[in-house]
Amino acid sequence: MFEIRIHSRGGQGGVTAARLLAMASFLDKKHATAAPFYGAERRGAPVVSFVRIDDQQIKIYSQIRSPNLIIVLDGSIMDSVDVLQGIQPGGTVLINSPHPVDLPNVNVLTIDLTGIALSVNLVVAGSPILNTPVLGALAKMGVITRESAEAAIRGMFTDERNVQAAEAAFKELIV
Amino acid sequence: MLTVATGNKAVAAAVKAAKPAVVAAYPITPQTEIVEQIAEYVTSGEMDARYIPVESEHSAMTACIGASITGVRSFTATSSHGLLYMHEMLHWAAGARLPIVMANVNRALGPGWNVWAEHSDAFSQRDTGWIQIFVGTVQEAYDTTLMAFRIAEDQGVLLPVMVNLDGFTLSHIMQSLETLDPGDYIPPLVLPHRIDTENPAGYGTLTGPADYFKFRWGMEKAMRTAPSVIRDAEEEFFRRFGRRYGPVEEYLCEDADVVVVALGTLGVEAEVAVDLLRKEGIKAGSMRIRWFRPFPDLDVAGRDLVVLDRGYSFGFGGVLSDSIRSRYPSASIYSVVAGLGGQEVTYDDIADFIRDRKMGEEYWFGVDA
């Protein structure tokens, strides 16, 4: 079982990222469940969503306590939220940031998803879209396949800039 | 078609496939995405139904009753306080023998204000004459909603059916969903006592003591017929679509010394606890009860039952435990009250309940030391 926690702000698309990741996992012939944190969600407030991926049917509904991977879609959340809480020993943190981030005792990967979204003009209502480019990064990390990432994005969005952004993230992430 | 869907979206998709003529619903809190999605289907023309937004859940059920009595298929969805507000008309729908199907997203009741999973809303409608089922996965929510129409409309049943799914834990979680074309799995509705809308006429409905009890007995006869109709519906579903369900989903029960009994998602997570305990050499099993009314037959002899209750009858006991105890007076039961108001209950917790069971006693998780 591979467990993922996604930190974002309400309205940034963390839940949609979880949904896309689940869909891509199905296309990879795996089982997956995705869930928002069941709380009061408000635009701009820090929120978390969860994804489980496994080769077997997933019967666990309780919340993820020790994720293998933590995704931080908005680096500013780290000022107020302990995003590393419960991370598995040897776990990985993927942070949307233009700069390297130094955190103790975990593997840190950074990628400028905001910059990628802006570079292909993937902006809705003034906000860069982060949930489709992050799928490219996750494909590069081997969480999902590149083909399934693109198929999942195309299944939900008709705007090809989403796929371009995912492609750019795939190329840019150094693992 | 394979897709990713929440429990809410799965129910809506099943309703679309079942083609009701009327969907009546109160669209505001505590309503769910189920009717929001159905409203979109109707607006986009994907669903050829009359969608009636009403001013309350009481009116939603009343509108379904009015539609159903003319012999057309009708559906509504609600949750928690919305279900309670329907209470009077739930009795009416069942008493009038109307095969209405309703999805209820199980959520706690206030106060304190709480929107998370609990079964008290459904349990408090236990004696209304509705058939009640609890589902445990997104796919099961879809499949069971389709079955619900077939079962409700069976000529030997003609009772309304409530499909219960856990609030948030199932209503908002995304899992894979395979949608299907039900074809003639749900035959056209024939309501023998329908009002003829071309030649409408009503007769005095005052029913004296000499006859009233016959109608009540008719409801109970229908409940006693329902198990065989449910089994046929589940078998036929398996034959056509390849997924098998039963009144009780048993997991590793054959040789089990101790069986955890639960409803909904807790019953699915319980199977993970069973796997853990089997590795420790404890012969554990799981029974996830799907059909709560009519209550199914359980194999309780010679084993400990650890019953998880997500709803309580104050001054008496856990509602599921009490159902089992009154049906099987000799059953050895450890009653665990857990998961109220969305309280987190993990498979590790469930494994602990089984390891630490004290037969004949009751335990409130998070309260009892």
Side-chain angles (χ1 to χ4, degrees), chain A residues 1 3-6 10 13-42 47-67 86 131 135 144 148-149 151-157, chain B residues 1-9 33 105 107-108 113-117 136-140 165-178 243 249 251 262 264-276 286 288 310 338-339 341-351:
Chain A
M1 180 104 64
E3 297 185 314
I4 303 163
R5 186 173 71 218
I6 303 173
V15 175
T16 303
R19 181 189 164 93
L20 284 165
L21 186 47
M23 190 68 217
S25 302
F26 294 133
L27 295 173
D28 286 336
K29 308 287 180 207
K30 292 183 178 173
H31 292 266
T33 60
F37 173 71
Y38 316 128
E41 294 188 6
R42 306 175 307 284
V47 293
V48 286
S49 44
F50 301 96
V51 182
R52 286 188 166 97
I53 304 171
D54 201 2
D55 294 326
Q56 313 289 322
Q57 187 203 336
I58 297 162
K59 297 175 177 179
I60 303 174
Y61 285 92
S62 51
Q63 287 179 23
I64 292 173
R65 284 152 185 235
S66 303
N131 50 26
L135 248 66
I144 47 176
S148 297
I153 292 169
R154 288 202 173 99
M156 202 181 298
F157 300 105
Chain B
M1 192 183 91
L2 184 72
T3 181
V4 175
T6 61
N8 284 332
K9 293 281 176 73
E33 259 186 312
V105 174
R107 303 202 305 206
W113 224 210
N114 176 299
V115 296
W116 289 272
T137 70
V138 167
Q139 185 70 56
E140 190 183 341
L165 57 156
D166 286 333
F168 291 100
T169 316
L170 189 56
S171 66
H172 284 58
I173 201 164
M174 292 174 250
Q175 295 175 337
S176 62
L177 172 69
E178 190 192 346
R243 285 187 291 274
E249 294 293 301
Y251 183 69
T265 53
L266 272 182
V268 179
E269 182 133 356
E271 294 183 8
V272 182
V274 165
D275 288 339
L276 269 180
S286 163
R288 177 165 65 87
R310 206 163 204 168
Q343 181 193 36
E344 176 91 336
V345 182
T346 70
Y347 57 89
D348 279 324
D349 297 325
I350 297 170

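In what follows, chains carry the letters A, B, and so on, assigned in the order in which the sequence lines appear, proteins first and then strands, with residues in each chain numbered from 1.
When heavy atoms are compared at a cutoff of 4.5 Å, B/Gln175 approaches chain A by way of both its backbone and its side chain. For B/Thr6, no part sits under 4.5 Å from any heavy atom of chain A, backbone or side chain. Residue contact with chain B, scored on non-hydrogen atoms closer than 4.5 Å, is absent for A/Arg52. Within the 4.5 angstrom heavy-atom criterion, only backbone atoms of A/Ala32 (N, CA, C, O) approach chain B.
Using a 4.5 Å heavy-atom threshold, the side chains of B/Asp166 and B/Phe168 count as separate.
Pairs engaging residues 16-25 of chain A under the side chain to side chain donor-acceptor pair (under 3.5 Å) rule: none recorded [sequence neighbours left out].
Looking only at heavy-atom pairs under 4.5 Å with chain B, the residue among A/Leu27, A/Val51, A/Ile58, A/Thr33 that has the most is A/Thr33. Taking chain A as the reference chain and counting heavy-atom pairs below 4.5 Å, the highest number among B/Thr265, B/Val345, B/Val138 is found for B/Thr265.
Side chain of A/Asp28 to main chain of A/Lys30: no donor-acceptor pair is present (N/O by atom type, distance under 3.5 Å, no hydrogens or angles). Under a 3.5 Å cut-off, the side chain of A/Gln57 and the backbone N or O of A/His31 do not form any donor-acceptor pair.
Scored by the side-chain hydrogen bond (donor to acceptor under 3.5 Å, both in side chains) test, B/Asp348 finds no partners at all (sequence neighbours excluded).
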